[in-house]
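Worksheet for the structure shown next.
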Amino acid sequence: MELDTLTAFTPGASLFGGILIGLSAVMVMALFGRISGISGITNAVLNGISPNANHGGDLGWRVAFILGLIAAPVIYTAATGNPVLQTVPTSLIGMALAGIIVGLGTAIGSGCTSGHGVCGLARLSPRSLAAVLSFMVSAGATVFVLRHVV
């Protein structure tokens, strides 16, 4: 079995995407005083936020944020006529297993790459630095195994 692990080098699109991610993180912090970590946003929506809790109506913007993540590829496809390409293997079982592992990791690590990497590092959080170093070492090991061992 040959695993295609190479993706196209797209510095322009990557830079634009990074700018949008940074802009969304700044907007969420400026408008709502919250960290825009996807796992925290999703967890709060799935578990529900009481309007009477300390969150003060946080549910609306969180649902809108998630809907924006879902709508973005649809809008891109409609605007350009080009579908968003999936660059990961299409094994449903493999992707489900990866999703479960990532979900467990975000629960254990109290956040995900967007929360720790984008927002936590910007706030100079030592816990986020440790988390990002863990993410990067794991990613490097995964790439090494997929490209040189498997």
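Model, not experiment: these values are computed from the prediction.
What you find for V132 and G117 is that their closest heavy atoms are CG2-CA, 3.5 Å. Considering every non-hydrogen atom in both A25 and V118, the closest pair reads CB-CG1, 3.9 Å. The shortest non-hydrogen separation linking S128 to G120 is OG-CA, 3.2 Å. Of all non-hydrogen atoms in G40 and R62, the two that sit nearest each other are O-NH1, 3.5 Å. Closest approach of P73 and V84 over heavy atoms only: CB-CG2, 3.7 Å.
The line from CG of L69 to CD1 of I41 is 7.5 Å long, rounded to the nearest 0.5 Å. In this structure, CG on N43 lies 10.5 Å from SG on C112, to the nearest 0.5 angstrom. Atoms OG1 and CZ, from T142 and R147 in turn, are 11.5 Å apart once rounded to the nearest 0.5 Å. Atom OG of S134 and atom CG of L129 lie 11.0 Å apart (nearest 0.5 Å). Taking CG from L23 and CG from L20, the interatomic distance works out to 6.5 Å, rounded to the nearest 0.5 Å.
Contact annotation: the side chain of N82 never approaches that of T77 to less than 4.5 Å [non-hydrogen atoms, C-beta and beyond]. In this structure the side chain of I35 never reaches within 4.5 angstrom of the side chain of V28, judged on heavy atoms.
In this structure, L121 is a member of the same hydrophobic cluster as M136, with clusters built from ILVMFWY side-chain heavy atoms closer than 4.5 Å. The cluster map of Ile, Leu, Val, Met, Phe, Trp and Tyr, joined by side-chain heavy atoms under 4.5 Å apart, puts L67 and M27 in the same cluster. Linking ILVMFWY side-chain heavy atoms closer than 4.5 Å, directly or via other members, places V102 and L92 in two distinct hydrophobic clusters. A continuous path of Ile, Leu, Val, Met, Phe, Trp and Tyr side chains, each step under 4.5 Å between heavy atoms, connects I66 with V63, placing both in one hydrophobic cluster. L46 and F65 are members of different hydrophobic clusters when ILVMFWY side chains are connected at heavy-atom separations under 4.5 Å.
Shown here is I93, whose CD1 atom has no more than 12 heavy atoms of other residues, nucleotides or ligands within 6.0 Å.
Residues meeting the side chain to side chain donor-acceptor pair (under 3.5 Å) test with T80, sequence neighbours left out: none. Looking at residues two or more places apart in sequence or on another chain, you find a ring-ring contact (aromatic ring centres under 6.0 Å, His included) between F32 and W61.
Residue pairs meeting the ring-ring contact (aromatic ring centres under 6.0 Å, His included) criterion with at least one member in residues 94-150, sequence neighbours excluded, are F144-H148. Applying the side-chain hydrogen bond (donor to acceptor under 3.5 Å, both in side chains) test to every pair with at least one member in residues 16-28, sequence neighbours left out, gives no pairs at all. Sorted by first and then second residue, the side-chain hydrogen bond (donor to acceptor under 3.5 Å, both in side chains) pairs with a member in residues 9-19 read T10-S14; sequence neighbours excluded.
Grouping Ile, Leu, Val, Met, Phe, Trp and Tyr residues whose side-chain heavy atoms lie under 4.5 Å apart, directly or via other members, places L15 in a hydrophobic cluster with I19.
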